[in-house]
Amino acid sequence: MQANELPLDVALLLRDHIESYEQLELLLLLRAERGHSWTEEALNTRLGISAWLISDAFTKLQSAGFVDVHVEGIEKQYAYRLQSESVEATISQLAQAYREHPMPVIKLMSANAIERVRTAALSTFADAFILRTDKHRG
């Protein structure tokens with residue numbers, strides 16, 4: 001299986017919503033254990049991902065609508081947010097592809113990351129040539 005053999009909806013999900021392996025691992029674990037809430041510490045222990053990477057991944061997953069957060073005592077609890085049927089089917093395909101043939105998923109995620117860096121670099125380069133007017137000049 002090649003990266004271009006991933007179903008289009010899986011490729012789009014990865015491109016649009018999953019920027020890191022931490023996000024992928026968290027999404028798949030939370031979905032597999034729906035109904036269970038997790039603290040960052042528990043996920044750190046379970047997945048061996050540092051707390052700051054987990055926190056960053058959760059922020060992005062929450063803004064994409066995949067995670068619910070609630071505070072219990074002094075700790076944040078994270079749980080999977082059920083998606084529409086079509087998105088659930090896409091996540092199921094992603095989980096199966098990653099479990100059975102992880103390399104196409106990894107290659108596509110790497111290509112997506114490179115494209116994000118290229119796009120950001122081009123934008124920064126283009127911004128360097130924008131002529132700005134100085135409001136304090138007469």
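- Using a 4.5 Å heavy-atom threshold, the side chains of Leu26 and Phe58 count as touching.
- For CD of Glu85, the number of neighbouring non-hydrogen atoms (other residues, nucleotides, ligands) closer than 6.0 Å is 12 at most.
- In plain terms, the two heavy atoms of Ile74 and Val71 that are nearest each other are C-CG1, 4.5 Å.
- With respect to the salt-bridge test (charged N to carboxylate O, under 4.0 angstrom), the residues Glu19 and Lys60 qualify.
- Considering all non-hydrogen atoms of both residues, His70 and Ser37 come closest at CE1-OG, 3.4 Å.
- Relative ring orientation between Phe66 and His17 is described as perpendicular, the plane-to-plane angle rising above 60° on a 0-90° scale split at 30° and 60°.
- Between Ala51 and Glu40, the shortest heavy-atom contact is O-OE1, 3.9 Å.
- Closest non-hydrogen pair, Ile91 versus Gln83, comes out as CD1-CG, 4.2 Å.
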Inset, instruction - Applying side-chain contact (heavy atoms from CB on, under 4.5 Å), run through Gln62 and Val69 and close with a yes or a no. - result: CA-CA 8 Å; Gln62 184 180 9; Val69 180; 3.5 Å; yes

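- The existence of a salt bridge linking Glu88 and Arg34 is confirmed by a sub-4.0 Å separation between a basic side-chain nitrogen and an acidic carboxylate oxygen.
- Side-chain contact annotation: Ser110 with Tyr21, donor-acceptor N/O pair under 3.5 Å present.
- Residues Val105 and Leu24 have side chains in contact (heavy-atom distance under 4.5 Å, counting atoms from C-beta outward).
- How far CG of Leu27 is from OG of Ser20: 10.5 Å, rounded to the nearest 0.5 Å.
- Counting only distance, with no hydrogens or angles, the side chain of Asp9 and the backbone of Thr90 share no donor-acceptor pair below 3.5 Å.
- Looking at Leu8, Leu14, Leu12 one by one, the single match for side-chain contact (heavy atoms from CB on, under 4.5 Å) with Val10 turns out to be Leu14.
- Rounding to the nearest 0.5 Å places OH of Tyr78 at 14.0 Å from CH2 of Trp38.
- For the 3.5 Å distance criterion, the side chains of Glu41 and Thr39 fail to qualify, holding no donor opposite an acceptor.
- To the nearest 0.5 Å, atoms CZ (Arg99) and CG (Leu28) are separated by 9.0 Å.
- Ion pair Glu33/Arg46 flagged as a salt bridge, since at least one NZ, NE, NH1 or NH2 atom sits closer than 4.0 Å to an Asp/Glu carboxylate oxygen.
- Remark: the Glu25 side chain and the Tyr98 side chain contain an N/O donor-acceptor pair separated by less than 3.5 Å.
- Between the CG atom in Leu94 and the CG atom in Leu6 there is a gap of 8.0 Å [rounded to 0.5 Å].
- Atom-to-atom distance recorded for Ser86:OG and Leu13:CG is 10.5 Å, nearest 0.5 angstrom.
- The two residues Leu61 and Gln23 have their closest heavy-atom pair at CD1-O, 3.7 Å.
- The minimum heavy-atom distance between Ser50 and Asn44, with the atom names listed, is CA-ND2, 3.5 Å.
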